Amino acid sequence: MKILLAEDELRLADALVHILRRQGYQVDASADGLEAQEYAERGLYDVIILDRMLPHREGVEILKHIRQRGVRTPVIFLTAKDALTDRIEGLDAGADDYLVKPFSKDELLARVRALGRRSAHLLAGDRLAAARLELDVKNGEVSCPAGKVKLTVREARLLEFFLRNRGMVLGKEQIFDRVWGVDAEGEISCVELYVCYLRKKIDFAACGVELATVRGMGYRLQEVAGDD
Ligand code: CA
């Protein structure tokens, strides 16, 4: 499971990174609001731990921004004071949970596990759809008007990532990190190859979906304005 920690109190951040890594989580940490927002927007994470007060951009603003852009990653919002308005503001902006500082590490870990289960459940159980294309995430089977297509595990994970982030431009490096893994051996060109495989196997146009190449940036899967 991959976690983004946005926290500018460095001693706290260091301690949390240490604790989370010891649980076997992959952690990226940022102490800056704008940088954290950039990371969060990439859709790479299973859980985001977001401090309310950050330099250059506040947690609430980051939250609103990423939700507007369709990032549905579960967010735990950290607030410094136990003011009801702070919590309501965070939940209204799209947080899934909140913790009031100071909190115990056990409590944080319990919340992370709970939200992680939620995203794992989504990953395990969901059928994902865009227009007339549907992916059964469990068995890697695509349903489209022409019939069913069986994907390999890697192809299915790639299509799943596109479907979960439809409408967003996804960079090749970002796709590689998420689908193959940050530490994976292999080349970014794998991404191009697998996009080719998907385009060969699936008649996207017939499904009302476009898997577009965005020159110099990456790919974007989007629904095409229909004729029906
Ligand atoms: Ca702070």
Side-chain angles (χ1 to χ4, degrees), residues 1-123 161 164-165 167-171 173-178 181-183:
M1 192 159 86
K2 193 160 175 163
I3 297 174
L4 173 64
L5 172 68
E7 171 57 75
D8 62 321
E9 287 167 50
L10 292 181
R11 281 180 62 184
L12 175 61
D14 282 350
L16 293 179
V17 167
H18 181 71
I19 289 162
L20 291 166
R21 287 198 177 137
R22 223 171 39 197
Q23 300 293 313
Y25 300 131
Q26 279 178 272
V27 187
D28 289 339
S30 175
D32 178 87
L34 278 176
E35 185 188 64
Q37 178 173 290
E38 260 173 50
Y39 285 168
E41 270 177 347
R42 294 184 198 167
L44 284 175
Y45 301 98
D46 300 295
V47 173
I48 296 172
I49 301 170
L50 182 62
D51 189 28
R52 182 181 192 279
M53 301 292 287
L54 289 167
H56 302 123
R57 180 146 296 190
E58 287 204 359
V60 171
E61 298 307 316
I62 296 172
L63 202 43
K64 284 183 187 161
H65 178 89
I66 63 170
R67 291 294 187 242
Q68 270 163 12
R69 303 199 53 165
V71 176
R72 288 180 286 273
T73 311
V75 171
I76 301 175
F77 200 58
L78 302 182
T79 61
K81 43 193 167 157
D82 189 11
L84 188 62
T85 50
D86 278 9
R87 280 182 270 152
I88 292 172
E89 206 184 2
L91 295 171
D92 275 351
D96 299 86
D97 201 353
Y98 66 88
L99 268 177
V100 177
K101 290 179 181 176
F103 48 81
S104 79
K105 74 170 206 276
D106 290 336
E107 190 172 7
L108 175 69
L109 289 174
R111 307 283 179 100
V112 167
R113 276 196 300 273
L115 288 185
R117 271 198 298 274
R118 195 186 294 182
S119 54
H121 174 70
L122 279 173
L123 290 174
F161 189 46
R164 286 192 185 282
N165 296 283
M168 288 174 68
V169 177
L170 302 174
E173 209 160 306
Q174 172 187 10
I175 295 168
F176 185 84
D177 287 351
R178 183 69 216 211
V182 178
D183 305 320

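Treat the numbers as computed from the prediction; the structure is a model and nothing was measured. We count ligands from 1, going down the list as the structure has it; atoms in each ligand are counted the same way.
Within the 3.0 Å limit, D51 places at least one N, O or S atom next to the Ca ion (ligand 1). Note on E7: not counted as a metal contact of the Ca ion (ligand 1), no N/O/S atom lying under 3.0 Å.
Surrounding CD of E173 are at most 12 heavy atoms belonging to other residues, nucleotides or ligands under 6.0 Å away.
D8 contributes OD1 as its N, O or S atom closest to the Ca ion (ligand 1).
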Audit row: R57, D32, side chain to side chain contact (heavy atoms under 4.5 Å, CB included) steps and yes/no: CA-CA 8 Å; R57 180 146 296 190; D32 178 87; over 6 Å; no
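Distance OG1/T79 to CZ/R87: 7.0 Å, rounded to 0.5 Å.
For the salt bridge (charged side-chain N to carboxylate O under 4.0 Å, His left out) with D46, the qualifying choice from K2, R72, R178 is R178, the only one to do so.
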